[in-house]
Trainee: 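A single structure is presented below for examination.
Note: hydrogens, waters and symmetry copies are ignored here, and every other heavy atom, side chains too, is used. Numbered from 1 within each chain, the chains take letters A, B, ... in sequence-line order.
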There are 2 protein chains.
Amino acid sequence: MTNHSRQNKLLVAVDCIIFGFDGQELKLLLIKRGFEPEKGRWSLMGGFVQPKESFEDAATRVLKQLTGLEDVYMEQLYAFSNPDRDPTDRIASIAYFSLIDINKYQQQLSDEFHAEWFQLAKTPSLIFDHRDMIDMAREKLQYKAAIHPILFELLPDKFTLPQLQSLYEGVYDAVLDKRNFSRKVLSTGLLVKQKEKEKETSKKGAFYFKLDKKKYQKKFNAFLNFIPNPHNLK
Amino acid sequence: MTNHSRQNKLLVAVDCIIFGFDGQELKLLLIKRGFEPEKGRWSLMGGFVQPKESFEDAATRVLKQLTGLEDVYMEQLYAFSNPDRDPTDRIASIAYFSLIDINKYQQQLSDEFHAEWFQLAKTPSLIFDHRDMIDMAREKLQYKAAIHPILFELLPDKFTLPQLQSLYEGVYDAVLDKRNFSRKVLSTGLLVKQKEKEKETSKKGAFYFKLDKKKYQKKFNAFLNFIPNPHNLK
DNA sequence: ACAAAAGTGTTTCACATACACCCATGC
DNA sequence: GCATGGGTGTATGTGAAACACTTTTGT
């Protein structure tokens, strides 16, 4: 227990599950591996953890490498550690998932990795346990987005209610009633109506909204609707 | 990226946050370290991940080593990886939390580790980032127990409603109304009333209940109360 | 008979849901 | 003038919360 022996050391990688939303569909950014093993197959973007780097640092670095983005929403998903998950080497992988504004994503960087956005339902066959990672990420996203307003991280600064609703519908694979939906999201007080309309997708046009960043920060945890009644809390 | 170089390898440990409930208070099992570094200080029970072991395997092994228990509720909490978290070596730690029936715990095993149960509010100073681990575990427990009926994992086969209520009150540090509480838990259909009463803690005595294991399994996920209305799901 | 904890029911209110019509505009 | 998608209001039901008295029994 005390011998920090060399033989107990492991290779540790990070893998990034990157979600984006194009206004219609929830999407996932995958790369085509340009190196062995499994060269030519699709996978999540990943990389090895360096000696002086935390897992978060590594995931941030890897994400930036692929997308050019920093300061985006990222959350540790799970540590995958089956000794046989990579058939060639024993490599543990810490999976992170990110929510990015797909418009800020810098295409040119991705060319290097042959990256492509995939609809969730249409992802290709993936290496190792990356499919499990994605399934778990999706589940966690559903779980968390039901409680915290994280889906705004996928949207541009200005967005319309119909867009927001499509996003929720995509995440939950559900059809929602637009009257109830708009009442619910507006009742949070998190949205600020703009004067301009988005007029690409309809003749009438839909008003833009912006997120009230201050309230967003403040309400991020308050969004919880299941803890016992606040005034019973000691 | 392709060079799985030796120098990228890391020491990886697991640490176990072990919760128990004595009928009154939510408690935590800690050990007094009998080895360097930090010999003599309190810490979580942990151990290094072995070359052919998954992190889950390692945590299961470590938990059994301390408590003698297998097949208990265990969940991966988080991978802690700050390069400086252990000042002597770079060691990442994957934290797991467990919920055990404190009565099944085998005291004699723990003597070897000088283990003791602590009330959450009265935990001593701990090594490294173990305090952070515990805080996060508690938060996750609150989060999860609000949605899934996991707290039964802390109780013996037979328990009373007042005990169950104390448990919830301990986890949320809250005072609950017993009428509303009993209506709510009984409405889940998860509890089966027994004929015997527990007569230690009151003159009148409180009826024992058992968990309906089949319904528990079936309802474990159905307990969710926030997903969009089921009949809207595709 | 009294103290101590168990057990039980009703009212009120907020929120979630179901549901249908009018509006603005480009063509 | 019509087709397309945007925007709004109401009625109903369910579940959460507040609240107080009776029961049992050991001493």
Trainee: Give the ring-plane orientation class for B/Phe128 versus B/His130, where under 30° counts as parallel, over 60° as perpendicular and anything between as tilted.
Mentor: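 Perpendicular.
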Trainee: Spell out yes or no: do the side chain of A/Lys178 and the base of D/dG6 have one donor N/O and one acceptor N/O closer than 3.5 Å?
Mentor: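 Yes, the side chain and the base share a sub-3.5 Å donor-acceptor pair.
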Trainee: Which part of the nucleic acid, if any, lies within reach of A/Thr160 when heavy atoms closer than 4.0 Å are counted: base, sugar-phosphate only, or nothing?
Mentor: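 The answer is nothing, as A/Thr160 stays clear of every strand by at least 4.0 Å.
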Trainee: Look at the side chain of A/Ala206 and decide which nucleotide, out of D/dG6, D/dC19, C/dA5, has an atom nearest to it.
Mentor: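 It is D/dG6.
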Trainee: Of the options C/dC19, D/dA17, C/dG7, whose atoms approach the side-chain atoms of A/Asn180 most closely?
Mentor: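 Of all the options, the side chain of A/Asn180 is nearest to C/dC19.
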Trainee: Does the C/dA24 base have a donor-acceptor partner in the side chain of A/Lys204 within less than 3.5 Å?
Mentor: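 Per atom types, no contact qualifies.
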Trainee: Can you check the A/Gln24 CD to D/dG5 P distance for me, whole Å?
Mentor: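 That distance rounds to 11 Å.
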Trainee: A/Asp177 CG to C/dC21 C1': how many Å, rounded?
Mentor: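 Value for this atom pair: 13 Å.
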Trainee: Among C/dG9, D/dT23, D/dG5, which nucleotide has an atom closest to any side-chain atom of A/Ser202?
Mentor: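 When the side chain of A/Ser202 is considered, D/dG5 is the closest of C/dG9, D/dT23, D/dG5.
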Trainee: For the pair B/Tyr216 and B/Phe220, name the ring-plane relationship: parallel under 30°, tilted 30 to 60°, perpendicular over 60°.
Mentor: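 If you compare the ring of B/Tyr216 with that of B/Phe220, the planes turn out perpendicular.
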Trainee: To the nearest Å, give me how far apart CD (A/Glu200) and P (D/dG6) are.
Mentor: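 After rounding, the reported distance stands at 13 Å.
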Trainee: According to the interplanar angle, ranging from 0 to 90°, do the rings of A/His148 and B/Tyr143 count as parallel (below 30°), tilted (30 to 60°) or perpendicular (above 60°)?
Mentor: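 Ring orientation, 0 to 90° scale: parallel.
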Trainee: What I want to check is whether the side chains of B/Asp57 and B/Thr60 have a donor and an acceptor closer together than 3.5 Å.
Mentor: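 There is no such pair between these side chains.
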Trainee: Please report the distance, rounded to the nearest Å, between CD in B/Glu198 and C1' in C/dA5.
Mentor: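 Checked: the CD to C1' distance equals 11 Å.
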Trainee: More 5' along DNA chain C: A/Gly205 or B/Ser182, using each one's nearest nucleotide?
Mentor: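 With A/Gly205 and B/Ser182 compared, the 5'-side residue is B/Ser182.
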Trainee: Over how many whole Å does the gap from B/Arg179 atom CZ to D/dA17 atom P extend?
Mentor: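 For the pair B/Arg179 CZ and D/dA17 P, the rounded distance is 13 Å.
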Trainee: Which of these nucleotides, C/dG7, D/dA17, C/dT25, is closest to any side-chain atom of A/Lys199?
Mentor: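 So the side chain of A/Lys199 is nearest to C/dT25.
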Trainee: Between B/Lys184 (NZ) and D/dT14 (P), how many Å, whole number?
Mentor: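 To the nearest whole Å, that distance equals 18 Å.
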Trainee: Is any side-chain N or O of B/Arg183 under 3.5 Å from a base N or O of C/dT10, one able to act as donor and the other as acceptor?
Mentor: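 In this structure, the two groups form a donor-acceptor pair.
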Trainee: Using a 3.5 Å distance criterion without hydrogens, assess whether the side chain of B/Gln76 forms a donor-acceptor pair with backbone atoms of B/Ile94.
Mentor: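 Judged by distance alone, no pair lies under 3.5 Å.
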Trainee: D/dG6 C1' sits how many Å from A/Glu196 CD, rounded?
Mentor: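 Atom CD in A/Glu196 sits about 17 Å away from atom C1' in D/dG6.
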Trainee: B/Phe207 has an atom CZ; how far is it from atom C1' of D/dT24, in whole Å?
Mentor: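 Value for this atom pair: 10 Å.
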Trainee: Whether B/Lys203 contacts D/dT23 is assessed here as follows: a side-chain N or O lying under 4.0 Å from the phosphate OP1 or OP2. Is that the case?
Mentor: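 Answer is no, no contact under 4.0 Å.
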